[in-house]
Protein chains: 2
Amino acid sequence: MELCSIQNNMRKLRFNHDEMTQQELAKNIGVTRQTIIAIESRKYSPTLELAFKIAGVFQVPLEEIFQYKPEN
Amino acid sequence: MELCSIQNNMRKLRFNHDEMTQQELAKNIGVTRQTIIAIESRKYSPTLELAFKIAGVFQVPLEEIFQYKPEN
DNA sequence: ACATAATGTAAAAGATTATTAACATGATGC
DNA sequence: GCATCATGTTAATAATCTTTTACATTATGT
């Protein structure tokens with residue numbers, strides 16, 4: 001499976017935030033669960049706006065969640 | 001004209017980096033000049049990957065270039 | 001055993017971002 | 001005046017991201 005070039009630790013963050021489910025996170029940022037699944041599994045990377053919203057939910061800097069790895 | 005919800009100071013950064021032109025920036029990150037124009041004028045926001053590349057060129061944290069303003 | 005919740009997979013349609021191409025303007029230098 | 005460079009505008013196409021829908025798997029609790 002093709003992976004996108006940006007890593008993330010959303011999954012870890014969800015669990016560290018009271019085991020927030022994909023559904024809850026999705027609702028929080030106003031997207032569908034499919035989008036969360038796709039991002040977590042690196043099927044594709046989110047838009048910049050979505051990335052900011054996710055960082056907002058977990059209250060961490062964007063770059064603490066997403067890391068760009070050009071080589072992948 | 002509709003503005004996207006993410007502000008940026010690419011234009012300022014270009015001028016502070018030896019007055020780098022849109023064309024040079026575009027070439028640096030591997031997109032067309034149209035994409036730079038669209039982002040600078042907030043016609044739309046870049047993908048997360050593109051945002052990282054731009055931050056890389058100017059060697060500043062992503063959030064120093066792009067700011068999310070939900071209210072716009 | 002059964003119901004429920006959380007996660008996973010897949011495919012088509014819709015929305016947004018990026019490219020390509022063509023043409024326009026203003027500034028600069030020859 | 002003319003050529004060149006940087007920027008701007010528009011429109012059509014291509015690529016990528018998001019939604020919608022439907023169904024599968026695994027774990028948990030009753």
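The sequence lines fix the lettering, A, B, ..., with proteins before strands; numbering per chain opens at 1.
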Self-check item: Proximity to the side chain of A:Q22 - top-ranked nucleotide from D:dG8, C:dG8, D:dT18
Solution: C:dG8
Practice problem: Take atom CG of A:L48 and atom C1' of D:dT16, then tell me their distance rounded to the nearest Å. | Solution: 15 Å
Exercise. Take the protein atom NZ of B:K43 and the nucleotide atom P of D:dT7, then report the distance between them rounded to whole Å.
Key: 18 Å
Quiz item: Under 4.0 Å: is that the gap between some side-chain N or O of A:S45 and OP1 or OP2 of D:dT16?
Solution: no
Exercise. Calculate the interatomic distance between B:R42 atom CZ and D:dG8 atom P; express it in whole Å.
Key: 15 Å
Practice problem: May I have the distance from B:E40 (atom CD) to C:dT17 (atom P), rounded to whole angstrom? | Solution: 16 Å
Quiz item: Roughly, in whole Å, what's the span from CD in A:E49 to P in C:dT16?
Solution: 10 Å
Exercise. Kindly say if A:R33 contacts the phosphate of D:dT21, meaning a side-chain N or O under 4.0 Å from OP1 or OP2.
Key: no
Quiz item: Has B:T47 got a side-chain N or O lying under 4.0 Å from the OP1 or OP2 atom of D:dC17?
Solution: no
Exercise. Report yes or no: does B:D18 contribute a side-chain atom to a donor-acceptor pair with the main-chain N or O of B:M20 at less than 3.5 Å?
Key: no
Quiz item: Could you state the CG-C1' distance from A:L50 to C:dT16, rounded to the nearest angstrom?
Solution: 12 Å
Quiz item: Does B:T32 have a side-chain nitrogen or oxygen under 4.0 Å from the phosphate oxygens OP1 or OP2 of C:dT19?
Solution: yes
Exercise. Specify the separation, in whole Å, of atom CG of A:L3 and atom C1' of D:dC17.
Key: 16 Å
Quiz item: When you match B:E24 and B:I37 each to their closest nucleotide on DNA chain D, which lands nearer the 5' end?
Solution: B:E24
Exercise. Report yes or no: do A:E49 and B:S45 form a side-chain donor-acceptor pair below 3.5 Å?
Key: no
Practice problem: Would you mind classifying the nucleic acid contact of B:T21 as base, sugar-phosphate or nothing, using non-hydrogen atoms under 4.0 angstrom? | Solution: sugar-phosphate
Quiz item: So does A:R14 pair up with A:E40, basic N to acidic O under 4.0 Å?
Solution: yes
Practice problem: Give the rounded distance in Å between these two atoms: CD of B:Q23 and P of C:dA21. | Solution: 14 Å
Quiz item: What's the shortest heavy-atom distance between B:A55 and B:I65, and which atoms?
Solution: CA-CD1, 3.5 Å
Self-check item: Any B:R14 side-chain N or O less than 4.0 Å from OP1/OP2 of D:dT7
Solution: yes
Quiz item: Is the distance from OP1 or OP2 of D:dT10 to the nearest side-chain N or O of B:Q34 less than 4.0 Å?
Solution: no
Quiz item: Which atom names give the shortest non-hydrogen contact between A:P46 and B:L48, and what distance separates them?
Solution: O-CB, 3.4 Å
